[in-house]
> 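Encoded as structure tokens, here's the structure I'll be asking about.
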Amino acid sequence: MSSKHLYLVDGSGYIFRAYHRLPPLTNRHGIPAGAVYGFTTMLWKLINELHQTDGPTHLAVILDASSKTFRNEMYDQYKAHRPPPPEDLVPQFPLIRDAVRAFSVPCIEELGLEADDIIACYAEAALAQDWQVTIVSSDKDLMQLIRPGLDLLDTMNNRRLGREHVLEKFGVEPEALGDVLALMGDSVDNVPGVPGIGPKTASQLIQQFGNLDAVLAGTDQITKPKLKQSLIDHADNARLSRELVRLKCDAPLPEPLDALELKGLPPEPLRAFLEDQGFKSLLAKVQGDGPATLPSGGPTMLALAPGAEEKPAPVIAQVPFNHKDYETVVDEAALDRWIAEGFACGRIAVDTETDNVDPVRANLVGVSLSTAPGKACYIPLAHIGDGLLSETPKQIAMDAALARLKPLLEAAHVLKIGQNIKYDMVVLSKYGIDVAPYDDTMLLSYDLDAGLGGHGMDELAQRHLDHACIEFKTVCGTGKSQISFDKVTLDRATEYAAEDADVTLRLWQLLKGRLAPEAATRVYELIDRPLVPVLAGMERAGIKVDREELARLSAEFSGEATRLEAAIHAEAGTPFTVGSPKQLGDILFDKMGLKGGRKGKTGVYSTDVTELERLASDGVAIARLVLDWRQLTKLRSTYTDALQQQINPATGRVHTCFSMAVAQTGRLSSTDPNLQNIPIRSDHGRRIRDAFVAEPGKVILSADYSQIELRLAAHMADVPALKDAFARGEDIHALTAQEVFGEVNRDTRARAKTINFSILYGISAWGLAGRLEVSREEAQGMIDRYFSRFPGINHYIAATLGQVRDQGYVSTLFGRKTHLPWIRSAKQGERQSAERQAINAPIQGTSADIIKRAMVRMNPALAAAGLGDVRMLLQVHDELVFELAPEQVEPASTVIRAVMAGAAEPIVQLSVPLGVEIGTGPSWGAAH
DNA sequence: TGGTTCACG
DNA sequence: GACGTACGTGAACCAG
């Protein structure tokens with residue numbers, strides 16, 4: 001075997017992938033160059049990576065010279081439906097040839113031949129001389145060439161494709177692949193194939209008969225009548241298709257094989273080319289200046305350039321966990337030693353232990369500290385023993401300990417490191433301590449690894465330190481026998497609490513250094529970290545609810561529900577548990593014999609709102625009754641009853657907890673209670689909002705962004721018609737209705753609204769068809785019209801999908817990443833789900849970034865306007881809720897509107913205005 | 001505990 | 001040609 005190894009790069013595939021992967025960028029001369037940049041990067045990456053393995057000795061890039069080839073003489077419809085290359089791609093072709101030459105690599109094309117044919121010819125010639133051949137492509141036509149000594153390299157997943165791949169994908173040996181391709185045809189290249197035959201059937205037929213001729217000769221053995229007839233009717237098409245997919249491998253070589261020899265990579269021509277185009281980040285990489293750094297001016301391409309994410313995780317020699325080494329601090333001298341140590345280190349991990357998961361209700365029970373891996377202590381402050389046999393253990397007096405800890409926790413030159421430090425801030429603020437400066441390992445993890453797993457401490461310790469933390473429940477128990485932390489013995493408490501601080505410090509050491517190389521500094525420092533004390537303040541503030549009003553609503557909803565239940569039982573002819581989907585399904589579809597299908601793996605009938613609405617519109621009385629019953633019981637159990645329980649007796653208000661590291665996209669979430677899903681859409685529901693009131697002498701002000709996600713989509717996808725409409729303040733759904741349906745009325749506007757949301761969610765024609773209750777074809781037609789009327793959306797989707805497949809994550813305009821590992825799932829459903837998430841996450845996430853920035857700036861802006869006592873209470877994704885004096889409404893509205901509308905700047909300049917709508921009233925409901 | 005349903009953006 | 005039937009959340013309830 002010769003030691004020579006030829007690499008043939010399918011240049012056309014590279015170009016189109018580069019084009020669709022990158023946004024429309026221009027080079028230093030103002031010429032479109034996104035594809036040039038992408039192509040150059042990919043080629044550099046390829047050569048660089050191959051060089052580090054047992055690399056190629058010969059390499060060439062193969063391009064298509066023209067659109068007309070010998071195949072058009074065989075079949076004039078060949079590739080006839082293929083649209084011409086995009087307008088902004090055409091001027092990039094010559095630049096791409098320049099790029100290849102800059103690498104000192106031959107760039108080969110030949111009139112009348114497609115790149116695939118030239119590749120086949122070179123492959124044939126090289127194999128004849130016993131060379132190894134690798135074709136850099138994932139094109140299925142080229143897979144026909146696979147044989148011993150020849151494989152394909154799919155750079156998208158860095159996979160080698162050989163015989164096994166063809167067998168797995170098409171069920172046949174590579175030699176028989178041409179026959180399969182001929183039967184199935186190719187709608188993109190307009191290879192006719194045989195109608196009704198796709199990859200599955202084609203593969204099955206070839207496996208059964210051996211080859212195409214045998215299939216066509218053996219139709220009498222085929223049992224399915226439709227398939228048999230189609231094969232007989234279109235036998236000629238099948239034979240023609242066989243010739244169209246056959247690669248021509250006997251043409252003379254444009255350059256001799258030896259001319260493809262790789263002579264290293266002379267730096268000068270490449271440097272000159274990159275400099276001329278203004279590809280600075282790539283230039284830096286080529287010159288060995290290390291990985292791409294943060295974006296600095298110029299086009300956005302730096303942020304998209306691959307490379308930085310491929311660093312190996314740093315290996316830190318791990319100090320073992322030994323719980324017996326932790327110190328229980330019970331005298332002031334020992335405490336002073338630890339505090340001095342904290343000042344000396346300049347950073348210290350801190351964790352508080354309390355008697356309640358709700359920080360607003362919690363009392364401080366102890367504090368743990370850590371200054372180095374393995375070195376941690378616990379300072380018990382309010383332990384009371386088990387309350388039965390043991391006595392209250394000896395501890396430092398709370399006041400004395402806090403007086404000593406306060407200077408450390410507030411010292412400007414000592415960094416306090418916490419895991420979910422918002423909790424500790426809320427607790428400590430009740431004791432007059434304002435923790436600052438601070439870092440939060442939960443947020444570090446969230447801003448680096450969103451989408452790769454949870455961000456709780458136990459999970460992070462397992463993932464990064466390979467350490468299983470002592471579980472809270474093994475210390476305090478669970479369920480009825482659970483005890484509060486102040487009843488835990490000091491030695492158990494120390495093991496648990498000090499470990500938390502120890503783990504937090506270790507995690508901080510691992511995660512903090514990743515921020516800059518992984519381009520997460522901006523999101524962490526400018527958005528999430530500064531938001532922590534803002535949210536802590538909102539949680540402490542809480543919002544007043546009118547308990548009596550809630551109780552009245554509960555009683556009213558109860559009464560109505562009881563009446564409805566009786567009516568439902570009467571309709572059903574038997575009493576049953578209306579709240580049981582299983583029993584309801586059996587009553588509706590078995591006993592009453594209504595039409596409806598089984599759903600789900602559990603085999604229960606679906607009785608959800610769409611199903612019941614369908615029945616109700618068919619005049620089924622019980623369906624409407626059940627819907628009304630469900631609404632009332634839902635509102636009562638989830639809201640009017642539960643909220644009364646949630647009122648904090650000490651403050652008379654409800655204090656939600658905002659979670660910063662739960663949502664995959666950067667949004668907040670709200671729990672205990674969830675105040676982000678308080679009803680508003682129904683009349684019954686809206687009355688619940690009226691129970692959220694201002695304290696006497698104050699009013700509620702609600703400010704919400706109007707259609708922020710659609711505006712961001714218009715900006716991010718660069719859609720002129722949508723941007724203009726937003727700039728002029730037009731009704732965007734009406735505009736969409738006009739463009740898609742040609743007229744605006746109630747119905748078309750409602751449908752247009754659905755379509756607009758569908759686009760944000762990355763819907764399929766099937767999904768839209770279901771929502772609008774039209775056929776799949778009609779839905780596809782609407783989507784097509786939408787894409788043609790609003791060009792840019794298409795490109796955004798293609799570029800986003802290319803990006804996520806390439807790098808495994810998508811980013812917001814501010815650089816927040818959402819990792820989507822399922823994008824590489826072998827299961828189609830999981831993959832498609834990840835694709836929809838990829839389309840939505842940058843939009844939803846950018847919106848989340850913007851309102852978070854508004855929140856970070858809000859209190860200082862209000863204070864600067866002399867409105868320091870205006871209180872921000874809630875955030876509901878695109879809405880902020882405030883409590884203020886009536887005379888403050890006017891000046892505060894000005895400040896709030898300005899802060900919210902300008903929240904993206906100066907980091908991001910939007911090409912659409914952000915609209916802010918403000919309302920006020922005695923209650924949250926009235927403020928809308 | 002998992003499945004179902006439904007409240008919100 | 002089969003597949004699936006919109007993105008992101010949290011809470012309550014039923015049934016096993």
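Any value given below was found using the heavy atoms of this structure, including those in side chains, with hydrogens, waters and symmetry copies removed. So you know, we letter chains A, B, ... as the sequences are listed, proteins then strands, and number each from 1.
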> Within the 4.0 Å heavy-atom criterion, would you say T754(A) contacts the bases, only the backbone, or no part of the nucleic acid?
base
> Can you tell me if S230(A) uses its side chain to pair, donor with acceptor, with the backbone of P195(A) under 3.5 Å?
yes
> Quick one: do E835(A) and R805(A) satisfy salt bridge (charged side-chain N to carboxylate O under 4.0 Å, His left out)? Show the steps, please.
CA-CA 9 Å; E835(A) 287 170 0; R805(A) 286 176 191 136; 3.0 Å; yes
> Taking any heavy-atom pair under 4.0 Å as a contact, classify G579(A): base, sugar-phosphate, or nothing.
sugar-phosphate
> Check each residue of residues 663-691 of chain A for a non-hydrogen atom within less than 4.0 Å of any atom in DNA chain B, then write out the ones that pass by number, or none.
R667(A), Q676(A), N677(A), I678(A), P679(A), I680(A), R681(A), R689(A)
> For DNA chain C, which residues of residues 765-775 of chain A approach it to below 4.0 angstrom with any heavy atom?
W766(A), R771(A)
> Measure from the side-chain heavy atoms of D608(A) and tell me the nearest of dA6(C), dC6(B), dA12(C).
dC6(B)
> Residues from residues 630-640 of chain A sitting under 4.0 Å of DNA chain C, heavy atoms only?
K634(A), S637(A), T638(A)
> Kindly state each residue pair satisfying ring-ring contact (aromatic ring centres under 6.0 Å, His included) with at least one member in residues 667-692 of chain A, sequence neighbours excluded.
F557(A)-H684(A), F692(A)-W924(A)
> Does dT5(B) have its OP1 or OP2 closer than 4.0 Å to a side-chain nitrogen or oxygen of T607(A)?
yes
> Which residues in residues 834-847 of chain A have a heavy atom closer than 4.0 Å to any atom of DNA chain C?
R836(A), Q837(A), N840(A), Q844(A)
> Looking at every strand, decide which applies to S758(A) at a 4.0 Å heavy-atom threshold: base, sugar-phosphate, or nothing.
base
> Convert the base pairs of DNA chain C into dot-bracket notation, remembering that pairs crossing earlier ones are written with [ ] and that bases paired across to another strand are shown as |; include only Watson-Crick or G-U pairs under 3.5 Å.
......|||||||||.
> For a 4.5 angstrom cut-off between non-hydrogen side-chain atoms, does H819(A) reach Q664(A)?
no
> Select from L760(A) and K200(A) the residue whose nearest nucleotide in DNA chain C is closer to the 5' end of that strand.
K200(A)
